[in-house]
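Let me begin by presenting the structure, written as structure tokens, before commenting on it.
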Amino acid sequence: MAIIVEKPGADGLDEAVAVLREWQREGTAWQLHAGDLGWFRRFGAEETAAALRIWRRDGRILAVGLLDGADLLRLTTDPDVRRDEELARRLAEDVIEPERGVLPAGKVFIEAPKDALIQDLLPERGWYPDEPWTPLLLDLTEPVKDPGMRIEVIGPDQGQVWADVIRASFDGSTFSVERWTAMASGSAYDDARCLVAYDDRGDAAAAVAVWPAGRGKPGILEPMGVHRDHRGHGYGKAISIAAAGALRELGSSSAGVYTPSSNVAAVATYMSAGFEPLPEVRDLTRDAMGS
């Protein structure tokens with residue numbers, strides 16, 4: 001059977017979330033996690049569906065891609081078909097040729113598992129590595145230490161608190177309680193949690209969302225932020241420890257996070273919380289005149 005690429009409707013989001021959960025395994029790259037779709041869901045179901053691309057063969061989903069902005073495709077595949085030549089060649093053709101409706105013309109980026117065959121094919125067509133990212137992982141076999149600060153799980157009536165911290169954690173952020181509500185309404189959030197760390201005066205200082213993929217599977221943190229007025233006091237470390245503890249309670253086998261290697265402070269924060277850096281990974285990019 002030929003491989004086809006689909007743009008699913010909003011009613012296809014749950015299937016994509018389910019298959020991404022199924023694909024999570026210890027020891028394999030988590031380039032695209034169900035939690036990534038959950039976080040993107042803040043833009044609403046229709047926009048999330050519009051950003052998705054799904055590749056199938058004989059009805060079976062082989063690969064899922066998320067357009068995280070107009071020029072970046074975050075792509076992953078079923079771990080069992082990472083070296084499938086037919087799939088790799090179809091994926092490469094689809095991302096190279098703008099008329100295929102995956103990536104536009106011009107300078108673009110693709111993030112794909114380092115062991116996927118497409119990583120070998122694209123450099124043959126003029127693509128080259130971009131800036132490095134650092135994956136960090138915390139094994140959850142053993143109990144997680146106490147974060148040493150007041151941590152609360154955010155319920156539906158406290159979305160504004162979480163939204164305010166996230167907006168104050170990232171320059172230019174427009175995150176709102178409406179976006180929190182949209183995020184929390186997706187199926188990826190069914191067993192996810194939002195946490196907030198508070199200072200001694202009761203002010204919200206840091207926030208994180210944790211996304212499990214099922215018992216015995218890796219979970220992720222996305223996003224984690226510290227309010228700009230509370231930096232330098234250990235809240236990033238505390239909320240990261242709390243996030244790992246929450247994932248362990250939810251049955252996750254490990255807690256993972258990606259951050260640009262250039263963000264030395266973020267890497268140091270996660271390491272202080274017990275996360276161990278893994279070998280750096282790089283997106284592939286194509287210049288505006290590349291093809």
Side-chain angles (χ1 to χ4, degrees), residues 5-24 30-56 61 63-76 94-95 98 100-104 108-111 153-196 204 207-214 219-225 227 243 246 250 257-258:
V5 60
E6 303 173 352
K7 298 179 182 180
D11 57 354
L13 292 178
D14 290 352
E15 183 184 21
V17 166
V19 77
L20 287 173
R21 282 177 166 158
E22 181 184 333
W23 290 348
Q24 304 310 310
W30 72 90
Q31 240 64 42
L32 189 63
H33 190 279
D36 294 311
L37 260 63
W39 172 231
F40 199 93
R41 184 67 164 67
R42 68 194 186 276
F43 298 117
E46 295 296 337
E47 190 162 341
T48 304
L52 271 182
R53 300 294 183 271
I54 291 176
W55 285 263
R56 295 181 190 265
I61 296 180
V64 177
L66 177 69
L67 285 165
D68 198 351
D71 60 355
L72 168 63
L73 180 71
R74 302 180 63 185
L75 176 73
T76 195
D94 286 345
V95 302
R100 299 286 185 99
V102 178
L103 281 168
V108 292
F109 305 83
I110 182 170
E111 178 185 327
V153 177
I154 294 301
D157 57 341
Q158 299 168 297
Q160 185 70 61
V161 176
W162 198 87
D164 289 346
V165 178
I166 291 296
R167 188 171 59 253
S169 298
F170 300 98
D171 293 341
S173 173
T174 58
F175 195 79
S176 64
V177 68
E178 289 79 16
R179 288 192 171 176
W180 185 89
T181 301
M183 176 186 77
S185 67
S187 64
Y189 196 78
D190 286 351
D191 52 0
R193 288 183 185 173
C194 285
L195 309 177
V196 168
V208 70
V210 298
W211 306 88
I220 64 167
L221 289 61
E222 180 65 73
M224 187 280 281
H227 194 295
L250 292 164
V257 65
Y258 271 101

Considering non-hydrogen atoms only, spot the tightest contact between Ala213 and His33 and give its length.
CB-NE2, 3.7 Å
To the nearest 0.5 Å, what is the distance between CD (Gln31) and CG (Leu73)?
11.0 Å
Short N-O contact, Arg74 and Glu222, less than 4.0 angstrom
no
Take Lys7 and Arg53 through the test side-chain contact (heavy atoms from CB on, under 4.5 Å) and record every step on the way to the result.
CA-CA 5 Å; Lys7 298 179 182 180; Arg53 300 294 183 271; 3.6 Å; yes
For residues Trp39 and Phe175, establish whether the separation of their ring centroids is below 6.0 Å.
yes
When you measure from the side chain of Asp164 to the backbone of Val161, do you find a donor-acceptor pair of N or O atoms at a distance under 3.5 Å?
no
So, taking the atom named CD1 in Ile110 and the one named CG in Leu67, what distance separates them when rounded to the nearest 0.5 Å?
10.0 Å
Do Ile154 and Trp180 come close enough that some side-chain heavy atom pair is under 4.5 Å?
yes
Would you name the heavy atoms of Gly159 and Val177 that are closest together and state the gap between them?
C-CG2, 3.8 Å
I want to check something: taking the side chain as every heavy atom from C-beta on, are Arg193 and Leu250 in contact at a cut-off of under 4.5 Å?
yes
Quick check: do Leu75 and Trp55 have side-chain heavy atoms less than 4.5 Å from each other?
yes
Which heavy-atom pair separates Val165 from Gly225 by the least distance, and what is that distance?
CG1-O, 4.2 Å
Nearest heavy atoms of Val210 and Ala192, plus distance in Å
O-CB, 3.2 Å
For residues Ala246 and Leu195, report the shortest heavy-atom separation together with the two atoms involved.
CB-CD1, 4.0 Å
With a 4.5 Å limit on heavy-atom distance, are the side chains of Leu20 and Thr76 in contact?
yes
Taking C-beta and beyond as the side chain, do Leu52 and Leu66 meet within less than 4.5 Å on heavy atoms?
yes
Let me confirm one number: the CZ-CZ distance from Arg42 to Arg179, rounded to the nearest 0.5 Å.
7.0 Å
Taking atom types as modelled and ignoring hydrogens, do the side chains of Ser185 and Arg41 form a donor-acceptor contact shorter than 3.5 angstrom?
yes
Heavy-atom side-chain contact between Tyr258 and Asp36 under 4.5 Å
no
Rounded distance [0.5 Å steps], CZ in Phe109 versus CG in Asp68
12.5 Å
Residues Asp191, Arg21: salt bridge by 4.0 Å N-O rule
yes
If you take all heavy atoms of Ala10 and Ala49, which pair is closest and at what distance?
N-CB, 3.6 Å
